[in-house]
Amino acid sequence: MDTFLNLKNLQMLLSQHNIRPRKELGQNFLIDRNVRNKILSYIEINKDDIVIEIGPGQGALTGVLGEKAAAVYAFEKDEKLAEILQQRISTLPEIKIIKKDFLDIDEIFFRSIKKPVKIVGNLPYYAVSPILFKLLDIRHHWNTALVMMPEDVAARIVAKSGDKNFGLMAFLFSLLTRSSVCYRIRGSAFYPEPEITSVVMKISVLDKPAVEIRNQKDFWRTVPKLFIQKRKTILNVLRNSFHISRETASSILKKSGIRPEMRSHQIEISSLIELVENITQATPLDLAEKKQ
Ligand code: SAM
């Protein structure tokens with residue numbers, strides 16, 4: 001059953017329940033059915049698939065996902081919206097509305113699912129970055145995601161090294177996924193109309209990272225520290241983030257083939273990986289320096 005509501009029916013339902021869209025929860029509902037159809041055309045879902053939907057709202061996508069998939073688990077943080085949608089889909093056993101913040105999804109949930117899922121969501125603007133990092137965190141549990149987000153966030157995912165937008169997000173997404181922008185959506189497709197343009201992104205998890213990561217634990221601990229002071233030279237970033245001397249930092253950079261005056265966004269991904277390895281393989285003396 002298609003649970004999509006056009007503007008008139010959505011407004012009627014919201015006013016019946018005395019609800020106003022909550023900006024603080026990023027509630028911009030999709031109200032253009034043609035746009036909805038176009039969005040869903042970018043992902044293949046069949047009866048073997050289990051789908052997790054992030055923020056179903058009032059079901060603009062949910063019903064169709066339920067028609068196509070074996071099961072849909074829809075995580076909705078707004079309890080009232082979740083209850084109303086639950087009542088509307090009560091005859092559809094394949095759709096489970098979970099009254100929960102998607103950011104709280106955990107291993108216990110995935111243990112019950114047992115196979116990689118597909119992720120779909122018109123993401124709430126206020127939480128796009130944490131949700132994207134969460135998706136990377138749980139990447140062993142899904143293979144394809146189709147997500148809507150503001151255009152500027154998408155630009156930070158697909159940026160190449162050298163671009164001003166290249167940062168931790170682009171580094172991790174290019175290392176761990178294949179991501180592309182499929183479609184731009186004008187603000188008038190949503191109610192209330194947002195001031196920004198949204199895009200649909202398709203993200204596929206790579207079977208293994210694009211460049212080999214030898215020491216996983218050190219890698220995840222070290223990488224974010226390289227991107228926190230974007231305007232500083234990489235020499236100073238190393239000195240500040242790892243509490244090492246200028247000499248040690250210079251020699252690590254030399255070994256990694258990186259010029260000390262570069263900024264982290266200018267460094268190629270493979271050189272960044274080598275840099276991380278050289279930092280973590282620093283001499284025992286340097287390790288002692290790190291602890292200071
Ligand atoms: N999917 C619906 C649509 O396209 O019309 C609603 C999309 S709206 C942009 C975002 C939805 O995510 C809202 O229903 C909001 O309440 C919900 N939401 C916000 N933060 C959330 C979170 N952390 N976890 C789960 N849902 C969330």
Side-chain angles (χ1 to χ4, degrees), residues 2-14 17 19-43 45 51-66 68-69 72-89 95-106 109 117-135 137-138 142 145-151 153-154 182-201:
D2 191 349
T3 45
F4 180 89
L5 296 174
N6 62 21
L7 178 61
K8 193 169 142 235
N9 290 336
L10 175 68
Q11 284 179 325
M12 223 155 67
L13 183 80
L14 295 180
H17 292 273
I19 293 176
R20 278 168 188 245
R22 293 170 64 185
K23 201 171 176 186
E24 74 278 16
L25 281 183
Q27 291 177 353
N28 299 90
F29 303 100
L30 191 58
I31 49 161
D32 185 324
R33 195 189 294 263
N34 292 331
V35 170
R36 190 282 308 270
N37 292 343
K38 179 88 181 162
I39 292 165
L40 290 180
S41 72
Y42 290 100
I43 188 163
I45 293 172
V51 174
I52 291 183
E53 187 184 358
I54 304 171
Q58 275 316 301
L61 309 167
T62 322
V64 175
L65 294 173
K68 294 182 176 200
V72 178
Y73 295 88
F75 283 73
E76 175 54 62
K77 186 173 176 176
D78 185 321
E79 287 199 12
K80 213 159 170 192
L81 283 190
E83 273 158 26
I84 300 166
L85 184 60
Q86 179 60 59
Q87 283 163 18
R88 292 182 54 220
I89 56 114
I95 301 176
K96 280 117 187 132
I97 307 296
I98 301 176
K99 252 189 256 172
K100 199 169 166 179
D101 188 329
F102 173 74
L103 294 171
D104 292 334
I105 196 168
D106 56 16
F109 172 82
V117 302
K118 291 184 172 165
I119 307 260
V120 177
N122 175 9
L123 302 183
Y125 295 155
Y126 82 99
V128 171
S129 292
I131 289 175
L132 289 169
F133 283 114
K134 180 77 185 183
L135 287 177
D137 221 28
I138 57 166
W142 59 276
L146 190 79
V147 278
M148 272 154 276
M149 66 184 80
E151 201 169 25
V153 182
C182 312
Y183 182 49
R184 282 177 100 223
I185 311 173
R186 59 186 197 288
S188 59
F190 301 98
Y191 168 78
E193 190 173 332
E195 279 155 22
I196 50 157
T197 302
S198 298
V199 296
V200 178
M201 275 205 88

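All ligand and atom numbering here is 1-based and tracks the order in the structure.
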Please find the pair of heavy atoms, one from Pro56 and one from Phe75, that lie closest to each other, and give the distance. CD-O, 3.3 Å

Would you compute the distance between atom CG of Leu85 and atom CD of Gln87 and round it to the nearest 0.5 angstrom? 9.5 Å

Run the numbers for me: atoms of ligand 1, each under 4.0 Å from some heavy atom of Ala60, listed by number. 3 (C), 4 (O), 5 (O)

Which ligand 1 atoms are under 4.0 Å away from a heavy-atom of Leu81? 14 (O)

Test item, Ala127 contacting ligand 1 (heavy atom, 4.0 angstrom): no

Give a yes or no on this: more than 12 heavy atoms of other residues, nucleotides or ligands lie within 6.0 Å of atom CZ of Arg184. no

Looking only at protein heavy atoms, which one is nearest to atom 21 (C) of ligand 1, and what is the separation? Lys77 CB, 3.6 Å

Could you tell me whether ligand 1 has any atom less than 4.0 Å away from a heavy atom of Asp101? yes

Is ligand 1 less than 4.0 angstrom away from at least one heavy atom of Met148? no

For atom 25 (C) of ligand 1, what is the nearest protein heavy atom, given as residue, atom name and distance? Phe75 O, 3.3 Å

Winner among Gly26, Gly121, Gly57 once heavy atoms are compared against atom 8 (S) of ligand 1: Gly26

Could you work out, for atom 14 (O) of ligand 1, the closest of Glu76, Arg22, Gln27 by heavy-atom distance? Glu76

Give the table of side-chain donor-acceptor pairs shorter than 3.5 Å for residues 95-103, with sequence neighbours excluded, one pair per line with atom names and distance.
residue: Lys96; atom: NZ; partner: Pro93; partner atom: O; Å: 3.1
residue: Lys99; atom: NZ; partner: Glu83; partner atom: OE2; Å: 3.1
residue: Asp101; atom: OD1; partner: Leu103; partner atom: N; Å: 2.8
residue: Asp101; atom: OD2; partner: Lys77; partner atom: NZ; Å: 3.4

Which is closest to atom 20 (N) of ligand 1 by heavy-atom distance: Tyr126, Phe29, Tyr125, Phe102? Tyr126

Kindly compute the distance separating CG (Leu135) from CG (Leu123), expressed to the nearest 0.5 Å. 7.5 Å

Rounded at 0.5 Å granularity, tell me how far CD in Glu193 sits from CG in Leu7. 10.5 Å

So for ligand 1, is Asp78 a polar contact partner (N or O within less than 3.5 Å, distance only)? no

Using only atom types and a distance under 3.5 Å, with no angle test, would you say the side chain of Asp106 pairs donor to acceptor with the backbone of Phe109? yes

Is Asn28 near ligand 1, meaning one of its heavy atoms is under 4.0 Å from it? yes

Rounded to the nearest 0.5 angstrom, the CG-CZ distance for Leu81 and Arg22 is 8.0 Å

Quick one: closest heavy-atom pair of Ile43 and Ile119, and the distance? CD1-O, 4.5 Å

Contact atoms of ligand 1, heavy-atom distance to Glu53 under 4.0 Å: 1 (N)

By number and element, which atoms of ligand 1 are closer than 4.0 Å to a non-hydrogen atom of Pro56? 1 (N), 2 (C)

Is there a nitrogen or oxygen of Gly55 sitting under 3.5 Å from a nitrogen or oxygen of ligand 1? yes

shortest atom 19 (C) of ligand 1-to-protein heavy-atom contact is with Leu25 O, 3.2 Å

For Leu30, the ligand 1 atoms whose distance to one of its heavy atoms is below 4.0 Å: 3 (C), 4 (O), 5 (O)

When rounded to the nearest 0.5 angstrom, what is the spacing between CG in Leu30 and CZ in Phe4? 5.5 Å

Does the Lys38 side chain pair with the main chain of Tyr183, one donor and one acceptor, at a distance under 3.5 Å? no

To the nearest 0.1 Å, how far is atom 4 (O) of ligand 1 from its closest protein heavy atom, and which atom is that? Asn122 ND2, 2.8 Å

